[in-house]
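First comes the structure, then the notes that go with it.
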Amino acid sequence: MLTPAPSATKPDPQDLLAWYDRHRRDLPWRAKPGVTADPYRVWLSEIMLQQTTVTAVRPYYLNFLERFPTVEALAEAPSDAVMQAWAGLGYYSRARNLHACAKAVVEKHGGLFPGTEAELLKLPGIGAYTAAAVAAIAFDQKAAAVDGNVERVMSRIFMVEEALPKAKPLIRSLTEELVPADRPGDFAQAVMDLGATICTPKRPACALCPWMVPCRARAEGLQETFPKKQKKETGQLRKGAAFVVLRADDTILLRTRPPQGLLGGMAEPPTSTWEPDYQPSRAVLDAPIEARWQRLPGTVKHVFTHFPLELTVLFAKVAKGTPAPEDMRWTPRLQLHEEALPGAMKKVLVHALGEIPGGKAKASAKD
DNA sequence: AATCCGTGGTG
DNA sequence: TCACCAAGGAT
């Protein structure tokens with residue numbers, strides 16, 4: 001051979017499992033060592049953890065478990081209660097699918113989650129990753145759960161030059177070959193713990209890594225350049241107006257967004273359309289109700305996945321008995337915290353009314 | 001296959 | 001400030 005192989009050593013799953021036994025994170029949805037996990041809790045946590053940090057999920061998970069202790073309880077709950085409990089966590093289609101999935105498990109599977117990847121995959125809100133994760137963690141199936149952590153770890157270990165997402169099939173097959181037959185669930189959680197605590201996106205702690213020796217990227221000093229990714233551009237700023245109406249009986253005008261699309265099924269004060277060239281000076285023309293509108297100083301800014309939003313807030317007081325326009329309703333100000341209000345809309349209400357009693361949105365007045 | 005979906009933390 | 005990212009799925 002004229003050129004030496006980068007590394008002939010293969011990563012040993014047992015080395016990772018030994019590391020996991022000493023350094024595993026203690027998480028509320030994670031069963032104690034040697035104990036088989038409850039499928040309902042594993043599934044619930046996996047849905048919440050999709051594209052969401054452990055820190056953000058923890059309080060929501062505990063609250064959900066208290067309000068909906070079993071899959072039956074969740075299936076029987078009204079949709080409003082589920083959406084309200086999810087409000088603030090983001091990606092609200094997850095909440096709708098979560099509810100639909102609970103109903104399907106009760107109606108089609110007698111209240112017991114199916115134990116194979118293929119059957120799990122048929123349920124709403126469960127894709128390739130979650131099916132494998134639940135199968136491995138809750139049912140000891142030899143399944144490869146490939147999430148963002150695993151993609152990062154594998155792309156570094158094997159120095160995958162192809163960019164994501166094109167590299168997904170290759171990374172999946174590389175992962176499948178490493179899943180051990182004896183502890184597939186622990187292996188899945190071990191790779192994710194490694195990615196979350198050692199093999200981090202920036203400044204990975206390679207010196208502490210159980211797979212430092214076989215890691216090809218580390219051998220080249222190029223670990224931080226993996227995984228390669230396609231760039232995506234940030235969206236254009238959209239502007240609009242939000243209308244906060246306070247009726248004399250201390251109620252606020254709200255509506256529910258359509259079930260599909262952005263913030264689907266969530267509550268909000270009425271707003272104009274959101275467009276790049278929206279003129280706030282003409283916002284009163286879009287008002288849902290006739291009133292003496294007061295344009296509040298400053299704006300509310302919010303960043304969605306694919307575009308930033310800037311809302312001008314208009315405020316009005318109206319007389320008791322004023323009827324709500326079509327498809328809108330009056331909610332007592334003291335019950336706003338029971339509404340399924342996404343973060344952006346909480347910011348709007350806080351901007352106009354001050355802190356929401358029992359709410360937990362942060363104020364954000366600018367300009 | 002590429003786009004659409006929230007939010008909060010971080011360097 | 002800002003780009004990046006976090007236990008992805010549906011269409």
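Naming: A, B, ... by sequence-line order, numbering from 1 per chain.
In terms of phosphate contacts, Arg152(A) brings a side-chain nitrogen or oxygen within less than 4.0 Å of OP1 or OP2 of dA6(C). Considering only side-chain N and O atoms, Thr130(A) lies under 4.0 angstrom from the phosphate OP1 or OP2 of dG9(C). Considering only side-chain N and O atoms, His306(A) lies under 4.0 angstrom from the phosphate OP1 or OP2 of dC5(B). Contact annotation: Tyr92(A) reaches the phosphate of dT7(B) (side-chain N/O to OP1 or OP2, under 4.0 Å). Within the structure, every side-chain polar atom (N or O) of Gln50(A) is placed at least 4.0 Å from both OP1 and OP2 of dG8(C).
Taking the side chain of Leu263(A) as heavy atoms from C-beta on, and the options dA7(C), dG6(B), dA6(C), the nearest nucleotide is dG6(B). Listed candidates were dC5(C), dG8(C), dG6(B). Nearest to the side chain of Tyr129(A) is dG8(C). Nearest nucleotide to the Arg30(A) side chain, out of dT7(B), dC5(C), dA7(C): dA7(C).
Within the cation-pi definition used here (under 6.0 Å to the ring centroid, within 45° of the axis), Lys228(A) qualifies as a partner of Phe226(A). Geometrically, Arg238(A) does not engage Trp274(A) in a cation-pi contact, judged by NZ or CZ lying under 6.0 Å from the ring centre and within 45° of the ring axis.
dC5(C) atom C1' lies 13 Å from atom CG of Leu164(A), rounded to whole Å. A straight line from CZ of Phe307(A) to C1' of dC5(B) spans 10 Å, rounded to a whole angstrom. Remark: P of dC5(C) and CG of Leu49(A) are 19 Å apart, rounded to the nearest angstrom. One can place CD of Gln51(A) at 9 Å from P of dG9(C), the figure rounded to the nearest angstrom. The distance between atom CG of Leu309(A) and atom P of dC5(B), rounded to the nearest whole Å, is 12 Å.
Nucleotides dG9(C) and dG8(B) are separated by 22 Å at their P atoms, to the nearest Å. Across dG11(B) and dA7(C), the matching P atoms stand 15 Å from one another, rounded to whole Å.
Toward the 5' end of DNA chain B, the nearer of the two residues Gln230(A) and Val303(A), judged by each one's closest nucleotide, is Gln230(A). The residue among Gln260(A) and Lys202(A) whose nearest nucleotide of DNA chain C is located toward the 5' end is Lys202(A). When each of Arg203(A) and Leu341(A) is assigned the nucleotide of DNA chain B with its nearest heavy atom, Leu341(A) is the one assigned upstream, toward the 5' end.
At the heavy-atom level, Pro124(A) lies under 4.0 Å from the strands shown only through sugar-phosphate atoms. If you check every strand for non-hydrogen atoms under 4.0 Å, Leu27(A) touches a base. At a threshold of 4.0 angstrom between heavy atoms, the contacts of Ala188(A) with the nucleic acid are absent. Trp29(A) comes within contact range of at least one nucleobase, with a heavy-atom separation under 4.0 Å. Across all strands shown, Thr52(A) has heavy atoms under 4.0 Å from base atoms, whether or not it also approaches the sugar-phosphate.
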Apply side-chain contact (heavy atoms from CB on, under 4.5 Å) to the pair Asp186(A) and Tyr20(A), showing each step before the final yes or no.
CA-CA 8 Å; Asp186(A) 282 347; Tyr20(A) 180 69; 3.8 Å; yes
CA sep, side-chain torsions, deciding dist, call: Asp327(A), Arg255(A), salt bridge (Lys or Arg N to Asp or Glu O under 4.0 Å)
CA-CA 7 Å; Asp327(A) 293 326; Arg255(A) 67 183 179 190; over 6 Å; no
Can you check side-chain contact (heavy atoms from CB on, under 4.5 Å) on Trp330(A) and Val245(A), steps first, answer last?
CA-CA 9 Å; Trp330(A) 298 101; Val245(A) 190; 3.8 Å; yes
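Between the side chain of Arg94(A) and the backbone N or O of Met48(A), at least one donor-acceptor pair lies under 3.5 Å.
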